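These notes are about the structure you will find just below.
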Amino acid sequence: MKILVCISHVPDTTSKINFTDGDTKFDTNGVQFVINPNDEFGLTRAMWFKEKQGASVDVINVGGPETEPTLRKALAIGADTAIRVNTEAKDGMQVAKELAKVVQDGGYDLVIAGRESIDYNGGMVPGMLAALLDANFVNNCISLEVEGTSAKAVREIDGGKESVATSLPLVIGSQKGLVEESDLRIPNMRGIMMARKKPLNIVEPANASAETTSVSFEKPAPKGEVKLVDADNVAELVNLLHNEAKVI
Amino acid sequence: MSVLVYTESDKGTFKKIALEAASYAKTIADKMGTTVTAVTINAEDSSVLGNYGVDTVLKVNDSSLDTFNAKSYASVLQQAAEKEGAKVVVVSSSADSKYMAPILAVNLNAGYASNVVEAPSSTTPFTVKRNVFTNKAFANTSIDTDVKVIGLSKNAFGVVENTASATEEAFSPSLPENTVTVEAVDKVTGKVTIADAEIVVSGGRGLKGPENWNMIEDLAEVLGAATACSKPVSDLGWRPHSEHVGQTGKPVASNLYIAVGISGAIQHLAGINASKVKVVINTDPEAPFFKAADYGIVGDAFEVVPKLIEELKTFKAQQ
Ligand SMILES: Cc1cc2nc3c(=O)[nH]c(=O)nc-3n(C[C@H](O)[C@H](O)[C@H](O)COP(=O)(O)OP(=O)(O)OC[C@H]3O[C@@H](n4cnc5c(N)ncnc54)[C@H](O)[C@@H]3O)c2cc1C
């Protein structure tokens with residue numbers, strides 16, 4: 001089985017979010033970039049398929065040279081080959097079209113992409129990619145088994161979960177649950193050394209166009225002070241929630 | 001040319017997010033000088049949709065659509081959009097709609113903006129405000145294609161009543177072959193889900209262990225709330241992963257969010273910040289949650305929560 005894991009290069013969850021150039025660009029100053037958490041759960045599941053079922057695992061990012069350390073980290077975790085499509089990521093559809101070309105050219109059976117990236121929160125690349133490829137698609141995937149060309153997956157739904165049967169070629173939107181937090185791998189020295197020698201192939205873009213443009217950014221208005229209620233006067237909280245906040 | 005809206009229902013009854021999506025579609029239709037067409041799938045009585053600005057309802061009744069299937073539902077909406085010549089299609093942010101919308105966008109060659117929080121600031125160019133960086137910022141995004149798909153955030157625009165009356169029309173689209181088949185659905189019944197809840201009660205590591213969750217469940221029950229938890233609580237196996245909220249868990253956009261024994265780490269706050277009113281109960285007055293909350297009690301959850309449950313029971317009895 002040939003697996004491709006899509007890796008989004010995103011600011012670490014503790015990053016301060018600021019904008020520059022008249023609030024038109026994300027300010028990367030002092031920001032640490034990491035593998036998007038939802039992608040990392042997917043990559044870790046892919047490593048299981050590699051070790052238990054002999055799958056090959058490639059990772060891919062659509063972006064500029066600045067994303068290479070993130071791809072190297074994925075190689076250090078255990079992916080075989082990295083691919084960088086050499087173009088700036090502009091929106092979900094453009095990224096999905098660039099990915100679709102590589103998936104078609106590479107004949108991948110399973111594509112794993114995080115259900116959402118924690119920067120632009122689009123939540124659209126996996127679904128668009130599946131639709132462009134006319135592949136099967138399971139979003140919010142919290143369990144995946146593959147036997148031959150048949151797949152069994154579990155999807156998280158609002159208020160529960162759903163078990164589905166489908167087949168390859170398949171795209172999944174990965175998230176926590178697909179593997180546990182404790183299954184995530186911190187690359188060791190050997191992994192990091194090996195990753196330096198693994199191929200990181202740069203491919204030229206198909207020049208897909210974006211369909212949306214982020215014109216400007218803004219930050220939420222600062223919040224007012226918290227109103228403290230005495231621990232011995234809980235009735236006051238009920239009163240405030242009813243009469244002032246009007247939420248109960 | 002009408003604005004198309006997918007009005008989701010559960011066992012025949014419309015969800016609140018469907019009424020919110022309809023209200024939003026109405027606002028866009030007014031700006032564009034057109035009408036609103038809703039698509040319902042196996043919903044019984046759709047007359048209520050008129051109250052939220054829907055002019056026409058395309059009713060789809062097909063037992064093969066009883067269980068949700070993203071590809072089939074996307075195909076239904078695509079055919080409805082094409083029949084109506086719709087330039088704008090509005091869907092909600094439920095798990096199902098977020099699953100379907102990207103497929104629909106590809107089918108319609110449409111640009112798709114998700115997590116939209118406000119009515120468009122302009123219709124030419126079509127510009128919407130959306131949540132990015134998990135509630136830490138907003139982007140003003142223009143959708144540059146002829147047809148646009150909008151995913152509306154929950155509880156951001158609100159439900160707006162209207163006085164139209166909706167005409168119904170049966171609609172029988174052709175369905176694609178189903179290649180992802182649902183074998184089992186495991187859904188809690190009689191319990192509010194985090195996605196639909198108006199109130200969410202959430203517990204953190206400060207509660208010390210899973211055996212102490214009774215009071216969280218009791219508090220949720222008096223309030224008709226859903227229960228949630230912080231990430232370590234689900235990682236420790238005290239609560240199921242489905243209750244993990246925050247940047248790497250489920251987003252919460254309820255009217256009221258009550259955090260008990262949660263410190264308020266940046267990743268936690270990011271995911272729940274879209275909630276309208278936040279309450280924190282924590283022994284540590286320095287806990288960062290107090291900076292994000294509207295109301296707070298500095299105190300021991302094991303004393304405060306039982307008192308709060310009693311006070312709420314008294315309050316409910318008086319209502
Ligand atoms: C990549 C990444 C992603 C993450 N994503 C998320 C996420 O999505 N969601 C999330 O929640 N976290 C997330 N985290 C974890 C986050 O950083 C915090 O570690 C976590 O939110 C802390 O959980 P907590 O508040 O329950 O526990 P703690 O930080 O241990 O806080 C417990 C709190 O309980 C209080 N307390 C103790 N006893 C009592 C008592 N008797 N009564 C009242 N209060 C009491 C304490 O004062 C303390 O403030 C993420 C972390 C990383 C690195």
Side-chain angles (χ1 to χ4, degrees), chain A residues 13-14 17 19 37-38 92-93 118-124 126-128 130-132 136-140 142 156-167 176-177 181-182 211-220 223 226-231 234-235 237-238 240-242 245 247-248, chain B residues 70 94-95 98-99 102-103 105-107 111-115 127 131-134 136-145 179-188 193 195-196 223 235 241-242 247-248 255-256 266-267 276-277 290 292-299 304 307-308 311-312 315:
Chain A
T13 53
T14 58
I17 304 302
F19 301 97
N38 289 316
M93 188 69 95
I118 61 169
D119 50 3
Y120 297 103
N121 304 128
M124 56 183 79
M128 286 176 168
L132 290 168
N136 290 319
F137 175 46
V138 178
N139 204 18
N140 296 56
I142 52 171
E156 190 173 65
I157 57 176
D158 289 333
K161 52 194 175 186
E162 174 184 276
S163 311
V164 302
T166 185
S167 59
K176 181 176 153 190
E181 183 83 18
S182 54
E211 301 187 329
T212 60
T213 315
S214 285
V215 188
S216 65
F217 295 94
E218 47 190 275
K219 302 230 281 182
K223 236 199 82 338
V226 61
K227 214 175 236 187
L228 289 180
V229 175
D230 200 281
V234 176
L237 179 63
V238 176
L240 287 168
L241 293 178
H242 179 60
V247 286
I248 59 170
Chain B
S94 68
K98 283 196 150 179
Y99 186 7
I103 304 173
V106 169
N107 290 357
Y112 166 41
S114 57
N115 305 329
T127 311
N131 242 319
V132 290
F133 295 97
T134 328
K136 289 182 206 161
F138 299 104
N140 294 303
T141 301
S142 67
I143 310 178
D144 311 325
T145 43
T179 51
V180 179
T181 44
V182 174
E183 299 196 313
V185 178
D186 176 6
K187 199 170 171 178
V188 281
T193 66
D196 292 328
L223 288 167
D235 288 339
H241 286 316
S242 55
Q247 191 162 13
T248 52
N255 284 335
L256 173 61
I266 187 166
Q267 301 95 350
K276 297 262 155 66
V277 175
F290 285 100
D294 301 282
Y295 301 99
I297 294 183
V298 178
V304 174
K307 280 194 221 162
L308 182 57
E311 291 295 343
L312 282 166
F315 164 77

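First the proteins, then the strands, lettered A, B, ... as listed; each starts at 1. Just so it is clear, the model here is predicted, and its values are computed rather than measured.
In summary, the side chains of B/Gln267 and A/Thr13 do present a donor paired with an acceptor at a separation below 3.5 Å, with no hydrogens or angles considered. Between the side chains of A/Asp158 and B/Thr193, no donor N or O sits under 3.5 Å from an acceptor N or O.
Among A/Ile157, A/Asp119, A/Thr166, the residue with the largest count of heavy-atom pairs under 4.5 Å with chain B is A/Asp119. When the candidates A/Ser216, A/Ala131, A/Ala231 are compared by the number of heavy-atom contacts under 4.5 Å with chain B, A/Ser216 comes out ahead. With respect to chain A, the highest number of heavy-atom pairs below 4.5 Å among B/Ala195, B/Ala95, B/Ala70, B/Ser94 belongs to B/Ala95. Ranked by heavy-atom pairs under 4.5 Å with chain A, the first of B/Val185, B/Val180, B/Leu223, B/Asp196 is B/Val180. When the candidates A/Glu218, A/His242, A/Glu162 are compared by the number of heavy-atom contacts under 4.5 Å with chain B, A/Glu218 comes out ahead.
Proximity to chain A (any heavy atom under 4.5 Å) is shown, for B/Ala293, by both the backbone and the side chain. Using a 4.5 Å cut-off between heavy atoms, A/Ala130 makes no contact with chain B at all. Interface remark: B/Asn131 contributes backbone atoms only to the contact with chain A (heavy atom separation under 4.5 Å). Of the atoms belonging to A/Met128, heavy atoms from both backbone and side chain fall under 4.5 Å from chain B. In this structure, chain B has heavy atoms under 4.5 Å from both the backbone and the side chain of A/Ile248. Proximity to chain A (any heavy atom under 4.5 Å) is shown, for B/Val182, by both the backbone and the side chain. In this structure, chain B has a heavy atom under 4.5 Å from the side chain of A/Leu237, while its backbone stays farther away. In this structure, chain A has a heavy atom under 4.5 Å from the side chain of B/Phe315, while its backbone stays farther away. Looking at B/Asp294, the atoms closer than 4.5 Å to chain A (heavy atoms on both sides) sit in the backbone and in the side chain alike. Contact of A/Pro37 with chain B is made through the side chain alone, with heavy-atom distances under 4.5 Å. With a 4.5 Å cut-off on non-hydrogen atoms, A/Lys161 touches chain B through its backbone and its side chain both. Using a 4.5 Å cut-off between heavy atoms, A/Leu241 touches chain B through its side chain atoms alone.
The backbone N or O of B/Ser142 sits nowhere less than 3.5 Å from a side-chain atom of B/Thr127 that would complete a donor-acceptor pair. Under a 3.5 Å cut-off, the side chain of A/Asn121 and the backbone N or O of B/Phe133 do form a donor-acceptor pair. Formation of a donor-acceptor pair under 3.5 Å by the B/Asn255 side chain with backbone atoms of B/Lys276 is not found in this model. Panel note: side chain B/Thr181, backbone A/Ala165; a donor-acceptor pair is recorded below 3.5 Å.
Taking the six-membered ring for Trp and thresholds of 30 and 60 degrees, B/Tyr99 and A/Phe137 have ring planes more than 60 degrees apart, a perpendicular arrangement.
Considering only heavy atoms from C-beta on, B/Ile143 comes within 4.5 Å of B/Thr145 through its side chain. A/Lys227 is listed as a side-chain neighbour of A/Leu240, based on a closest heavy-atom distance under 4.5 Å. Residues B/Ile266 and B/Lys136 have side chains in contact (heavy-atom distance under 4.5 Å, counting atoms from C-beta outward). Looking at B/Asn115 and B/Lys98, their side chains come closer than 4.5 Å, going by heavy atoms from C-beta outward.
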